[in-house]
Amino acid sequence: MSAEAQSLPNNDNFNVFKASDIRFLKTLPGDPEVEKKKALKEHSVAIDIINKHIKDNGIQIETDLDNPEYQQFVKSLGVAYGLFSEADMEKVVSFVKFIDLYENYAINDKIKAYKDKLEKNMTLSEDEIDELIILMPITPNAPSTADNKASDSASVSTTDISVAASNGYDNIAARDYAYEWWNGRNPVYSSYYADKYGCKIDEKCWNDCANFVSQALHEAGMKYKYGSNYQDPKSWSFGVVPSYTWGGAHNFYLHWRDRAGVAAYVSDLQTGDAVNADFAGDGHIDHTALITRNTGSSSSNKYLTQHTYDAKEVIPGTNTAYTLAKWYNDGYTVFGYEMDKATN
């Protein structure tokens with residue numbers, strides 16, 4: 001685990017995990033039922049926009065704010081730039097942030113159940129500890145990646161050249177892999193998820209952001225790591241059952257914040273570096289993408305390629321650049337990882 005203030009105990013010693021180590025996710029100010037009623041009014045336009053999208057595309061999902069499947073679908077729209085008009089997307093992003101906080105009521109109930117066990121001096125199993133670590137938010141003072149002033153980019157040259165990293169990571173190979181598969185699904189890494197979610201690979205029925213970036217990192221030289229099991233944040237691998245850190249945005253963060261560290265400033269990031277986004281600032285990570293083009297030090301110089309929703313350096317259907325600046329402008333918290341500094 002990372003050496004953050006208020007950090008978790010060593011995950012190799014499960015008996016030292018105490019009730020005082022428990023952290024709860026940020027929620028909305030009021031009771032969940034009250035907040036739900038308010039949201040149905042305040043976000044009615046966004047809800048209608050999303051419901052129309054669901055209906056028009058034949059998506060089989062129950063449009064209920066308490067439905068975890070619906071919550072995950074709504075959150076996936078937080079980076080669905082180009083899917084809606086700019087005005088509509090602004091409303092959707094606001095609703096995404098609401099859902100990101102609203103879902104935490106139910107997650108906190110799960111966390112509380114673990115805290116109750118610990119307060120009764122019950123020992124959590126290894127699997128329970130791993131799940132609790134995944135459920136809990138990162139510490140409030142956990143480092144994130146700060147934006148740079150646009151003027152800072154003037155003196156910085158492009159760094160799309162290949163960087164010979166001492167750890168064996170080839171940033172251009174990561175970029176090229178992302179270019180090859182940005183709007184497709186590599187069957188080698190996709191069959192597991194297609195089977196799990198009950199669809200064909202080309203139907204893209206699962207959230208694939210972290211899986212896609214993990215593929216690019218591995219194909220570019222980052223080696224598998226193995227912890228105590230596939231839930232352990234120390235694990236990062238693809239196999240019969242991929243590690244949670246391979247295909248989940250929050251779990252991806254838990255692994256790479258320790259293995260690579262979180263870049264202090266966006267100017268530290270270059271082509272081939274991975275980035276995470278926390279939509280509502282609740283301490284639970286929501287999205288993963290890869291920087292595939294770098295023309296300077298500011299966030300507007302860091303071009304993104306991603307899955308769910310698929311994009312390669314431009315917002316689909318437009319000529320507008322898709323860069324980290326979009327995340328910062330939407331109020332997302334960004335975590336970037338300098339892959340050439342990662343242990344390998």
Side-chain angles (χ1 to χ4, degrees), residues 2 4-5 26 75 77-82 86 89-90 92-94 96-97 100-101 137-160 163 171 174-175 178 209-210 213 217 249-250 252-254 256-258 260-306 309 311-315 318-342:
S2 65
E4 300 168 356
K26 176 183 177 182
K75 290 205 302 175
L77 299 176
V79 289
Y81 303 113
E86 190 171 337
M89 187 62 186
E90 186 176 341
V92 168
V93 165
S94 179
V96 165
K97 291 180 178 181
D100 199 19
L101 296 174
I138 63 178
T139 55
N141 58 344
S144 60
T145 302
D147 197 3
N148 294 65
K149 296 178 181 179
S151 59
D152 292 342
S153 65
S155 61
V156 180
S157 61
T158 177
T159 54
D160 267 351
V163 176
N171 66 326
R175 178 201 67 184
C209 65
V213 173
L217 300 184
H250 186 72
F252 182 96
Y253 162 86
L254 293 175
W256 289 105
R257 70 166 182 192
D258 295 335
V262 176
Y265 299 99
V266 75
S267 57
D268 298 326
L269 301 174
Q270 64 178 327
T271 297
D273 286 342
V275 286
N276 276 136
D278 177 357
F279 295 155
D282 63 344
H284 204 274
I285 313 305
D286 302 298
H287 184 58
T288 313
L290 188 75
I291 297 173
T292 51
R293 184 184 175 201
N294 180 30
T295 60
S297 69
S298 76
S299 58
S300 61
N301 300 119
K302 313 295 179 178
Y303 291 75
L304 302 178
T305 297
Q306 67 178 30
Y309 281 73
K312 177 190 170 187
E313 299 179 358
V314 296
I315 294 176
T318 75
N319 293 318
T320 303
Y322 180 37
T323 69
L324 266 179
K326 191 64 179 169
W327 291 10
Y328 285 108
N329 291 340
D330 280 339
Y332 299 162
T333 304
V334 175
F335 304 86
Y337 315 101
E338 297 174 83
M339 302 311 301
D340 62 324
K341 295 183 178 178

Measure across Asp278 and Ile285 and return the closest heavy-atom pair with its distance rounded to 0.1 Å. CB-CD1, 4.2 Å
Find the distance between CG (Leu217) and CG (Asp273) and round it off to the nearest 0.5 Å. 9.0 Å
Only one of Leu324, Thr333, Val275, Val262 passes side-chain contact (heavy atoms from CB on, under 4.5 Å) with Thr145, and that residue is Val262
Trp256 versus Ala342, closest heavy-atom pair with distance: CZ3-CB, 3.8 Å
Is any side-chain heavy atom of Leu77 closer than 4.5 Å to a side-chain heavy atom of Tyr309? yes
Can you measure from OG1 (Thr271) to CE (Met339) and round to the nearest 0.5 angstrom? 13.5 Å
Heavy-atom closest pair, residues Tyr337 and Gly261: CD2-O, 3.5 Å
Pairing donors with acceptors under 3.5 angstrom, does anything connect the side chains of Asn148 and Ser297? no
Criterion side-chain hydrogen bond (donor to acceptor under 3.5 Å, both in side chains) against Tyr322, the qualifying member of Lys302, Lys312, Arg293, Gln306: Gln306
So, taking the atom named CG in Asp100 and the one named CG in Asp282, what distance separates them when rounded to the nearest 0.5 Å? 4.0 Å
Minimum-distance pair of heavy atoms, taken over all atoms of Tyr332 and Lys97: CE2-CE, 3.8 Å
Might you point out which heavy atoms bring Phe252 and Val213 nearest each other, and give the distance in Å? CZ-CG1, 3.9 Å
I'd like to know whether Val334 forms a side chain to side chain contact (heavy atoms under 4.5 Å, CB included) with Val266, so could you lay out the CA-CA distance, the side-chain angles of the two residues, the decisive distance to 0.1 Å, and finally the verdict. CA-CA 9 Å; Val334 175; Val266 75; over 6 Å; no
Could you walk me through whether Val93 and Phe279 pass side chain to side chain contact (heavy atoms under 4.5 Å, CB included), step by step? CA-CA 9 Å; Val93 165; Phe279 295 155; over 6 Å; no
Heavy-atom nearest pair, Gln270 first then Asn171, reads OE1-ND2, 4.0 Å
Go through the steps for Arg257 and Ile138 under the test side chain to side chain contact (heavy atoms under 4.5 Å, CB included), then give the verdict. CA-CA 11 Å; Arg257 70 166 182 192; Ile138 63 178; 4.3 Å; yes
Say you draw a straight line from CG of Asn276 to OG1 of Thr288; how long is it, rounded to the nearest 0.5 Å? 4.0 Å
Backbone of Ala263 reached by a side-chain donor or acceptor of Asp268 within 3.5 Å: no
Calculate, to the nearest 0.5 Å, the distance between atoms OG1 and CG belonging to Thr323 and Asn294 respectively. 11.0 Å
Tyr81 (side chain) donor-acceptor with Ala311 (main chain) under 3.5 angstrom: no
Hey, what's the ring geometry for His287 with Trp327, parallel, tilted or perpendicular (30° and 60° as the breaks)? perpendicular
Quick check against the 3.5 Å criterion: does Thr305 have a side-chain atom that pairs as donor or acceptor with the backbone of Ala178? no
Residue pair Glu313 / Leu304, side-chain heavy-atom distance below 4.5 Å: no
Roughly how far apart are Leu101 CG and His284 NE2, rounded to 0.5 Å? 12.5 Å
